[in-house]
Amino acid sequence: MIKVLVVEDMDITREDILGLIDWEQHGFELLPSARNGRIGLEHALRYRPDIVLTDIKMPVMTGLDMMKEIREKIPGIKFILLTAYEEFEYAKRALEMGTQAFLLKYEIDSEILLRELNKCVESIRKERCVEDMTTRARLDRLLTKGGYGVQEIQSAGTAARESFFPWIGGSILLDIWCLKRRNDIGEDNLQDALREELRQYRFVCMKVKEREYVIFVEAPDSHSQMEKKRYLREFILSVQGVFSSLLDTQTAVAIGGEVKGSRDIPAAKKAGEELLQYRIFRKGGCILEEKPEECLEEQKEQIARSVDDIGADVGREDYANARARIETLYIRDIAQAGSIDLLKRMTVKLSYYFRQKGYEVRLPEFDEWLDRVSFNMLTESVDHTAERFGYLLDILQEHTDRRYSRKVREAMAYIREHYTEDVGLNETAASLDVSPIYLSHLFKKEAEITFSAYITRLRIEKAKELLRQGDRKIYEISELVGYQTVQYFTKVFKKETGKTPGEFE
């Protein structure tokens, strides 16, 4: 909302102005009014209004003196002066100071007041649009050029430094990471929607890389630390709501450091990025404000022993027990520990046990699959890392389960290699040099699932993995997992999971 401050020494006139319109209905936030210029100046510095509606002649400090001091400290505020004929000389001085409008006290009514207020609003929006574009360009240069960008700004002179970020003193950085992005409304449309939905806040939002945004938001200096935290949390929840409604996505938000000058911006962004790493230990949308406390050594040792136990389970082919232990390891133990270093070390250690078993059962492609687990573990939640290991357990089980004959294991391997194509029973049987009828009977007997159902299950598991990554559209995923139409893919996916691809988390 546009904030308005009314300064008038006559109580009756002040109350009349305050009661002329429904301020909130017309998009204005009415600040506590003032009865003289000195109080008006204090309120302006505290509440930082967008528009000041003030009398000219007042005791203690005139409206013009107040206006002069406010302009020196807070550039960009719009002034509407209340005047009378005998104050024309004052009015001429006010014109020279850039006053937006004069309203004669005895003529003012709701229509006239609204007209002048809306003129100010239009002017404010145009100026902010230009300011936003300029600031975003400078921020982009600073964030991409790092220290060189800071030197460039610092060497530009005092005026340039001060105009670089007009409200830099009260801003706090937010580093926002979109967990998933299913809709593509375009970057300009997203920025417009954010400005429209969050117009009561002052902020700059920049996309810094795929699925990652940096936001600088002004936190009013008048707020106490507790009020500032509440204000910031409300803003974050509003931003998450916009991302959720427009992009069908959940977002993790990390709060970086307060920015007091242009040289603080890279460090503040880095602080936000460091915090953002810990999103992998949280489910869905979250707000990250500080690093988790380091877990105890006994806890680390217990987690390491759990990984050794899983390795033993895999070695003796007790896959059911290994699966249960992996879920506990990642979803409970590692998530509670909240240590990036521990996650890395335990994932490498567990991958070693899986790799050994893969060599034993002659699965050369296992190296590539395990590398994919390691590559994605810092960009996906620990739940997803556990699921990836679970999928690898399925593959190991298919190759080592004594229930499966060599032909069935070979059929499963062929399907995994060709599931993105129009693979079928005939093609698979031909590759194994057996009849389709024989393979179908053997597959159903040993795997306790039909050949086509196995292909469907594999494709849906792959689709779920791609949906979690969040960087592809649904029709692209449909093609990647072997379905010719997105409509049929959606129908099959919902039948198998109970949800449409768009609803899947």
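Residues: numbered from 1 along the sequence shown.
For F281, there are no ring pair (Phe, Tyr, Trp, His ring centres under 6.0 Å) partners two or more places apart in sequence or in a different chain. Applying the side-chain hydrogen bond (donor to acceptor under 3.5 Å, both in side chains) criterion to Q277, with sequence neighbours excluded, gives no partner residue.
Under the 3.5 Å distance criterion, with hydrogens and angles disregarded, a donor-acceptor pair is assigned to the side chains of T347 and Y330.
Taking CD of E212 as the start and CD of E273 as the end, the distance is 5.5 Å to the nearest 0.5 Å. To the nearest 0.5 Å, atoms CG (N36) and CE (M58) are separated by 7.0 Å.
No more than 12 heavy-atom neighbours from other residues, nucleotides or ligands sit within 6.0 angstrom of CZ on R125. Applying the 6.0 Å contact sphere to NZ of K300 captures more than 12 heavy atoms from other residues, nucleotides or ligands. Within 6.0 Å of the CZ atom in R345, the count of heavy atoms belonging to other residues, nucleotides or ligands exceeds 12.
Screening F235, F216, Y231, Y213 for a ring pair (Phe, Tyr, Trp, His ring centres under 6.0 Å) involving F203 leaves a single residue, F235.
Under the 4.0 Å criterion applied to side-chain N and carboxylate O atoms, K344 and D341 are not assigned as salt-bridge partners. Using a cutoff of 4.0 Å between basic side-chain nitrogens and carboxylate oxygens, K464 and E387 are not scored as salt-bridged.
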Inset, instruction - Given side chain to side chain contact (heavy atoms under 4.5 Å, CB included), test M377 with R388 step by step and report yes or no. - result: CA-CA 10 Å; M377 70 178 168; R388 285 181 180 274; over 6 Å; no
Legend entry - Worked verdict on I108 versus D16 for side chain to side chain contact (heavy atoms under 4.5 Å, CB included): CA-CA 10 Å; I108 189 171; D16 284 347; over 6 Å; no
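Of all heavy-atom pairs between V60 and R38, the closest is CG1-CB, 3.6 Å.
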